[in-house]
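Notes for the one structure printed next.
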Amino acid sequence: MLNDYRLFFQSIEHYALLLLNSHGIIQFTNKAASAICGYSEAELLHRPFKQLYTEEDQRLKRDELELFTAQEANAFEAEYWRQKKDGSRYWTHTDISAVYNEQNQLEGYTVLIKDISEKKKNELELREKEERYRLMIEGVTEYGIFMLDTEGNIVTWNEGAKRITGYPSYEIIGKNFSVFYIAEDRQSHKPERELEIAIATGKYEEEGWRVRKDGKLFWSGVTITTLYNEDNQFVGFSKVTRDLTERKEEEEKLRQSEERFRELVQQVKDYGIFMLDEKGRIISWNEGAKRINGYEAEEIIGKYFSIFYTEEDKINGKPANELKIAQATGKYEEEGWRVRKNGMLFWTNVVITALFNRHGKLIGYSKVTRDLTERKESERALKESSDRYRLLADELKITNTELARTNKELEQFTSIVSHDLQEPLRTIKSFLVLIDKKLPQNSSPELRSYIQKATYAGNRMKELILNLLQYAQLSKDDISVEAVSVTTLLGEALQNIKDRMDATGATITIENDIAYVYGHKVQLVQLLQNLLANALKFSQPGRPPRIHIKITRRESDILFSITDNGIGIASENKNKIFEIFRRLHVENTYPGNGIGLSICKKIVDRHNGRIWPESKLGEGSTFHFTIKADKAIKENILISPENE
Ligand code: ADP
């Protein structure tokens with residue numbers, strides 16, 4: 001029977017089996033015992049069980065204590081270090097049972113020892129790892145990492161959590177994590193809901209406002225994860241919190257500036273500014289774009305920008321090509337026709353800019369358009385009107401040449417007529433002289449006065465014809481210019497009117513410091529003569545004429561001023577007097593034909609000068625005219641009307 005047991009005991013593997021007598025001496029061992037304890041069967045049998053303990057345990061008489069405990073409680077069980085024969089230690093699970101005989105007397109003990117060093121090692125490693133992990137988490141300052149129990153009460157706390165929330169661990173452990181939530185969130189049971197979601201889905205994540213110990217808010221990134229133990233029992237939550245206030249503020253700033261920018265772009269009316277995605281679909285729209293293209297944002301967003309192109313452009317693939325160029329070179333710019341919503345064309349300036357992200361990837365395009373239809377229109381109108389002007393100018397040129405031709409014909413006519421008229425006039429005058437001579441002494445004075453009147457009229461007619469001839473010739477001939485002595489001019493002019501001067505008893509004074517002027521001598525004499533004659537003629541009744549001639553230099557001009565003490569000219573007539581045949585007086589008071597001043601004007605014009613009166617009615621007049629002092633002016637003076 002015992003043999004049977006022996007066989008059975010021997011077959012037990014992995015467990016050292018020892019039978020001890022009541023004194024703790026080994027009576028039996030199995031094979032596994034030698035393998036586990038390091039002693040041979042011979043070294044174990046009949047030896048005290050004590051030798052299987054470590055030296056300290058032996059000193060502490062741990063074997064006796066355990067056997068005693070087993071005896072008292074029938075069994076003893078524990079895990080601890082034992083020592084092998086070679087001194088090395090191994091971790092054991094030891095199970096000791098006391099054995100009693102039928103008389104209830106202690107017979108001995110059965111001891112089962114299992115080497116569980118391997119398990120112990122793993123356990124130690126795990127603990128070490130956990131310890132490291134705990135230390136690591138505690139040391140993390142960037143993140144608040146802590147554990148909640150199943151109710152959400154805080155169980156652990158780390159540096160980061162302290163830094164972020166401001167609570168030291170002794171103040172917060174045991175409190176519910178809802179202390180970090182704003183009152184409103186607590187009232188709406190947000191913290192509880194978050195835990196519920198975490199339980200249901202394994203995780204809850206969000207960003208939101210939380211409250212620090214000092215009551216200040218911080219923007220927090222939160223992850224709550226449910227925790228299960230090895231037996232898959234729900235044990236609580238881990239919570240990782242990050243303070244994202246700065247990022248949030250940055251984002252907010254960015255958002256605000258983007259918002260402002262977007263608003264700004266949105267409100268720009270003069271330019272259509274919008275964005276296209278990388279495929280050319282419209283993704284934003286502004287006021288200007290709406291004004292120019294006619295589409296509301298909601299009807300255009302999502303459409304391809306090719307909608308703005310003419311059919312022809314679309315067929316030619318122009319829109320896609322523009323994007324390609326923009327992508328390759330960064331920008332595409334042109335002016336061209338586009339189509340409004342109502343189908344009308346508009347002329348626009350377009351700039352397409354390719355937009356790349358930080359990594360150089362194309363993310364879309366911005367498109368800025370400007371309606372230049374008005375400009376185009378005014379350019380067209382300008383061109384049209386300039387065309388019209390050109391045509392008009394051409395016509396005018398024709399008219400001018402025609403005019404010149406007519407003028408020439410008129411001058412020829414005047415010249416011929418004047419000459420032809422002079423001849424019969426001379427005959428009339430000769431016969432009048434003859435009649436006057438042949439008239440008998442006793443002829444009636446009435447008859448004589450008729451002859452006188454006829455002679456007078458003939459003289460007037462002669463003068464008129466001469467003046468007309470002069471006037472016509474003034475526009476006809478090129479004038480040859482030379483340096484003319486001022487003294488000569490004055491001398492000749494005064495000589496020509498000497499008779500009239502004598503007749504009126506006029507006094508003439510001259511103030512001159514100019515030696516020469518450049519001009520046509522005959523014409524300048526005529527000019528001075530006409531003005532002096534008028535100064536003599538339009539004198540006040542009973543008041544002998546006083547004439548002052550002043551010649552001075554005024555910049556590049558020589559200024560002639562002829563002042564009289566005559567009747568003067570009303571200011572409203574000052575311009576009229578230069579018109580041909582214009583007279584302010586009836587023939588009886590002041591004889592004349594109204595050609596004199598128009599001749600003067602023509603002469604001055606041909607010398608590129610100016611003529612104007614300065615006068616007050618009843619207080620005398622001054623006639624000023626300018627003649628260029630310089631030879632250089634010669635060129636201008638030589639220009640004949642045909643060449644103008
Ligand atoms: P006419 O002397 O033959 O009348 P003018 O052409 O010389 O023609 O002058 C035009 C008009 O200008 C004159 O009729 C006269 O009314 C006015 N006039 C010209 N010179 C003077 C002057 N020195 N004083 C006042 N009136 C003048």
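Indexing begins at 1, ligand by ligand and atom by atom, following the structure's order.
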(request) May I ask you to check if ligand 1 and F538 share an N or O to N or O distance below 3.5 Å? (result)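 There is no such contact.
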
What protein heavy atom sits nearest [atom], and how far away is it?
{"atom": "atom 10 (C) of ligand 1", "answer": "R582 O, 3.4 Å"}
{"atom": "atom 7 (O) of ligand 1", "answer": "N534 ND2, 2.9 Å"}
{"atom": "atom 17 (C) of ligand 1", "answer": "I577 CG2, 3.9 Å"}
{"atom": "atom 6 (O) of ligand 1", "answer": "L597 N, 2.7 Å"}
{"atom": "atom 4 (O) of ligand 1", "answer": "R583 NE, 2.7 Å"}

(message) Tell me if a side-chain donor or acceptor on R543 pairs with a main-chain N or O of P545 at a distance below 3.5 Å.
(response) no

Taking 4.0 Å as the limit for heavy-atom contacts, which would you say applies to [X] with ligand 1: side chain only, backbone only, both, or neither?
{"X": "F578", "value": "neither"}
{"X": "I569", "value": "side chain"}
{"X": "D564", "value": "side chain"}

Output the list of atoms in ligand 1 that are nearer than 4.0 Å to some heavy atom of [X], sorted by atom number.
{"X": "K537", "result": "1 (P), 2 (O), 3 (O)"}
{"X": "G592", "result": "3 (O)"}
{"X": "F623", "result": "20 (N), 21 (C), 22 (C), 23 (N)"}

(message) According to side chain to side chain donor-acceptor pair (under 3.5 Å), does anything in residues 487-500 pair up with another residue at least two apart or in another chain? List the pairs.
(response)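 Only S485-T488, E492-K521, N496-Q529, K498-D502 qualify under side chain to side chain donor-acceptor pair (under 3.5 Å).
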
Under a 4.0 Å N-O cut-off, is there an ion pair linking [X] with [Y]?
{"X": "R460", "Y": "E463", "result": "no"}
{"X": "E250", "Y": "R247", "result": "no"}
{"X": "E377", "Y": "R380", "result": "yes"}

Can [X] and [Y] be counted as having a side-chain donor-acceptor contact under 3.5 angstrom?
{"X": "T563", "Y": "H548", "value": "no"}
{"X": "Y516", "Y": "E482", "value": "no"}
{"X": "E446", "Y": "Y450", "value": "yes"}

(request) Using heavy-atom distances, let me know which of G596, G594, A533 sits nearest atom 3 (O) of ligand 1. (result) G594

(message) Going by side-chain contact (heavy atoms from CB on, under 4.5 Å), name the residues that satisfy it together with E249, two or more places apart in sequence or in a different chain.
(response)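 Result, side-chain contact (heavy atoms from CB on, under 4.5 Å) vs E249: T245.
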
